[in-house]
J.: 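Please find one structure pasted underneath; my questions will follow.
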Amino acid sequence: MRLTLKNKILLFKEKNVRELATRVSQNVNEETKKNFINDKGFEIDYVCYERFCWVRVKNMPISDPYIQKKKLYKLLEMCDEVNFIVFNGWLQKFCIHHDIISKAICEKSISIAQFKCPLFKDLNVLLYYKSRPFFFYTLYTTYCMSQELYHEQCDSVCIMFASIPNFSEFYVELEANNEGVECLRLLNEIIADFDELLSEPRFQCIEKIKSTGATYMAASGLTRHTCDSKQYSHVTAMADYALRLREQLAYVNEHSFNNFRIRIGINIGSVVAGVIGARKPQYDIWGNAVNVASRMDSTGVLDKIQVTDEVYEILKLKGYPLTCRGVIEVKGKGNMVTYFLDNYAQQN
Ligand SMILES: Nc1ncnc2c1ncn2[C@@H]1O[C@H](COP(=O)(O)OP(=O)(O)OP(=O)(O)O)[C@@H](O)[C@H]1O
């Protein structure tokens, strides 16, 4: 019989379980076994988590196999006579336990993923790594070590810039607000709320690119799986997300007795995505479509979502109510007809 990889793994696992069962029945009672698993399990978990944090502090990419290998080495160090395989189930539990999230942000034959570690949550630090085997080595050695640029062309990406222009009026450094720290605390809460919305399943196709001051930048359709060039669901998701941001800020205002105002711009087009820098490598996108999206924000109107003609054509067909703003002068682009997105899609 030809052994498939799955069968090989199952046989291997079965053999190990049998060996372990024999050892347990011969040498140790139930209580000792439980203590062994608890003690060693805790130690292995601790060692792996410490390693994970160490790699994160160095701002280096990290991969699933990397964490799994760390566990394997630790296991072998503890009981060198047993052969182990570290299964994905363990890694999943490890990630849940430590609140670690990995998310694919772009892909080709290989993919880049994003890791979020609780230690860095408050600092909004994001790191990118390859999640598949060889990913780490290929990306890190080829692009980082040789200083070559990792880049990828993505078509039909929907880009959004959302700004809170009057945040600067709110930000003052006074003794009473701990030299501005309290203002930053509120900004952090707003940005964290925007981030949180992205965990909703309907916004899975959207990636936060960055936040710079009081401007939030996101893009959808950066991967083959998230770019819906037929139904444009990544564009409607972005429209809904922009509308949700506006609602969220209204909610923050209501509860913090502030009057922050949001201004949003959306565009669609080709972009170049890449990871820049050897230290704190940052995933970003560039191109004329990004510049225009930024201009849709900067030339926009407070409390409104300004979109380009291309976005208008897609949203109109999907039943979204939009209003024509008219012709506006956009630096470097000349005259452009733009539209305001008024509300969610109406049910036909
Ligand atoms: N990846 C990006 N992240 C953040 N902002 C971006 C990005 N790419 C473009 N922009 C912004 O888009 C805007 C428009 O870009 P463009 O190249 O047309 O103008 P510019 O003349 O270089 O910029 P400006 O007029 O603002 O000085 C710029 O303000 C730029 O900061």
Side-chain angles (χ1 to χ4, degrees), residues 59 103 105-107 112 114 123-128 143-144 148-168 171 187-188 190-192 194-195 198 203 205-223 226-227 234-235 238 241-242 245 261-302 304-312 325 327-341:
N59 279 330
K103 201 173 173 194
I105 54 158
C106 75
E107 43 135 43
I112 290 185
Q114 202 178 30
L123 299 173
N124 291 322
V125 174
L126 297 174
L127 275 189
Y128 303 95
Y143 296 111
C144 296
E148 263 191 51
L149 177 72
Y150 163 74
H151 67 280
E152 195 170 357
Q153 173 85 29
C154 313
D155 300 321
S156 288
V157 172
C158 189
I159 313 117
M160 183 209 73
F161 282 80
S163 300
I164 306 172
N166 65 340
F167 182 81
S168 51
Y171 181 84
L187 178 64
N188 183 51
I190 295 169
I191 300 291
F194 291 179
D195 290 343
L198 288 179
F203 300 140
C205 59
I206 305 175
E207 281 305 326
K208 172 185 180 177
I209 304 296
K210 64 181 143 187
S211 69
T212 315
T215 299
Y216 196 91
M217 179 184 174
S220 64
L222 284 161
T223 71
T226 57
C227 184
H234 65 294
V235 181
M238 188 60 95
Y241 181 61
L245 292 188
R261 318 247 330 246
I262 200 163
R263 196 185 57 198
I264 303 178
I266 303 179
N267 185 32
I268 186 171
S270 298
V271 307
V272 173
V275 179
I276 293 289
R279 277 179 180 251
K280 285 202 184 176
Q282 255 209 322
Y283 177 84
D284 208 338
I285 52 173
W286 300 270
N288 188 49
V290 183
N291 299 340
V292 172
S294 168
R295 295 284 186 220
M296 286 301 102
D297 163 23
S298 57
T299 61
V301 174
L302 289 174
K304 297 218 181 270
I305 301 163
Q306 179 167 237
V307 306
T308 53
D309 194 33
E310 290 82 352
V311 176
Y312 163 78
R325 180 185 184 184
V327 180
I328 58 158
E329 163 81 24
V330 178
K331 185 186 161 196
K333 318 289 166 207
N335 290 338
M336 285 181 75
V337 177
T338 64
Y339 299 82
F340 291 130
L341 168 64

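Values below: every heavy atom of this structure, side chains too, minus hydrogens, waters and symmetry copies. Each ligand, and each atom within it, is numbered from 1 in the order the structure gives. Keep in mind that what you see is a predicted model, and the values were worked out from it rather than measured.
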J.: Apply the test side-chain hydrogen bond (donor to acceptor under 3.5 Å, both in side chains) to residues Thr215 and Thr212: give CA-CA distance (whole Å), side-chain angles for both, the deciding distance (0.1 Å), then the verdict.
T.: CA-CA 5 Å; Thr215 299; Thr212 315; over 6 Å; no

J.: Give a yes or no on whether the backbone of Ile159 and the side-chain of Asn267 come within a donor-acceptor separation of less than 3.5 Å.
T.: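 Such a contact is absent between Asn267 side chain and Ile159 backbone.
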
J.: List, pair by pair, the atoms of ligand 1 and of the protein that are both N or O and lie under 3.5 Å apart, giving the separation rounded to 0.1 Å.
T.:
| unit_1 | atom_1 | unit_2 | atom_2 | d |
| --- | --- | --- | --- | --- |
| ligand 1 | 1 (N) | Asp284 | OD1 | 3.1 |
| ligand 1 | 1 (N) | Ile285 | O | 2.8 |
| ligand 1 | 3 (N) | Lys210 | NZ | 2.8 |
| ligand 1 | 12 (O) | Ser294 | OG | 3.1 |
| ligand 1 | 15 (O) | Asn291 | OD1 | 3.3 |
| ligand 1 | 17 (O) | Asn291 | ND2 | 3.4 |
| ligand 1 | 19 (O) | Arg295 | NH2 | 2.8 |
| ligand 1 | 21 (O) | Lys331 | NZ | 3.4 |
| ligand 1 | 25 (O) | Arg295 | NH2 | 2.9 |
| ligand 1 | 25 (O) | Lys331 | NZ | 2.5 |

J.: What pairs with Lys333 under salt bridge (charged side-chain N to carboxylate O under 4.0 Å, His left out), at least two apart in sequence or on another chain?
T.: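 In terms of salt bridge (charged side-chain N to carboxylate O under 4.0 Å, His left out), with neighbours along the sequence ignored, Lys333 is linked to no residue.
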
J.: Would the distance check show the side chain of Tyr216 and the main-chain N or O of Ile164 forming a donor-acceptor pair, the cut-off being under 3.5 Å?
T.: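 Pair absent, no side-chain N/O of Tyr216 close to backbone of Ile164.
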
J.: What residues, two or more places apart in sequence or in another chain, satisfy side chain to side chain donor-acceptor pair (under 3.5 Å) together with Asn166?
T.: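 Side chain to side chain donor-acceptor pair (under 3.5 Å) check on Asn166 returns nothing, list empty.
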
J.: Taking only residues at least two apart or on different chains, which pairs with a member in residues 213-222 satisfy salt bridge (Lys or Arg N to Asp or Glu O under 4.0 Å)?
T.: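 Listed once each, the pairs would be none.
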
